[in-house]
Amino acid sequence: MSSLSITDVNKLGDGQFESVFGNVIEHCKSASTRIKKQRPFKNVDELCEAFQKYLDDITEEEKLAVLKSHPDLAGRLAIQGELTPESAEEQRSAGLNDLTADQKLLLDSRNKRYKSKFGFPFIICARENKVQSILEGLVCRYNNDYEEEIKTGINEVKKICKLRILNIVHN
Ligand SMILES: NC(=O)N[C@H]1NC(=O)NC1=O
């Protein structure tokens, strides 16, 4: 798909808007359903801010659901080829398709430890990271408390979301 201008975005039918932006937050169609009604947007920054505000405004329970909808990095869905196209590309760009056997073991055990402490997967914007910084992030952030990690996870979802929008809309 060639990239859209903000004018194109403002002119999309509601259903088109929902399908184009339906996965800028992983598996969270309700964001695009709410945000389509806020058009017109002046520019792509305003559009990104609308999605970020959506993430700020939802309840803690909804935030947890957003976090839990993310796949593990290099986890079962990646191995089975069942990631969304966006997530597959992000994980590839971080080098997660080329892990050594040792890195894969380490990542799996740190992901598992993180998930058993917090009850949701470790989330990081893969396009802004590489294998080493992901492995290190899993160690540092494991020490955070629960509320801090919800906040950090949602912040990472915002970064992922912004980069996904910038793949769709140009300035
Ligand atoms: N677990 C996790 O961070 N997943 C995500 N990160 C990212 O950049 N894309 C994802 O699907």
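When a ligand or atom number is given, it counts from 1 through the structure's own listing order. Quick note: numbers below take in every heavy atom, side chains included, and nothing from hydrogens, waters or symmetry partners.
Annotation: cation-pi geometry not satisfied between R110 and F122 (NZ/CZ under 6.0 angstrom from ring centroid, within 45° of ring axis).
Close approach of ligand 1 to C125 (heavy-atom distance below 4.0 Å) involves ligand atoms 8 (O).
Among all non-hydrogen protein atoms, the one lying nearest atom 8 (O) of ligand 1 is A126 N, 2.8 Å. Given atom 11 (O) of ligand 1, the protein heavy atom at minimum distance is S87 OG, 2.7 Å. With hydrogens left out, the protein atom closest to atom 1 (N) of ligand 1 is P71 O, 2.8 Å, a heavy atom. Protein heavy atom at the shortest distance from atom 9 (N) of ligand 1 is E90 OE1, 2.6 Å.
Between F118 and Y142, the angle of the ring planes goes over 60°, which puts this pair in the perpendicular group of the 30/60° scheme.
Here N97 pairs with R92 under the side chain to side chain contact (heavy atoms under 4.5 Å, CB included) rule; sequence neighbours left out.
Between I134 and L96, the closest side-chain pair of non-hydrogen atoms falls below 4.5 Å.
Under 4.0 Å from ligand 1, the heavy atoms of I160 that appear belong solely to its side chain.
Side-chain N or O atoms of D108 include none that pairs as donor or acceptor with a backbone N or O of G75 at under 3.5 Å.
The residue among N129, I124, I134, L163 with a heavy atom at the shortest distance from atom 3 (O) of ligand 1 is I124.
Note that CD of Q16 and NZ of K36 are 12.0 Å apart. Values are rounded to the nearest 0.5 Å.
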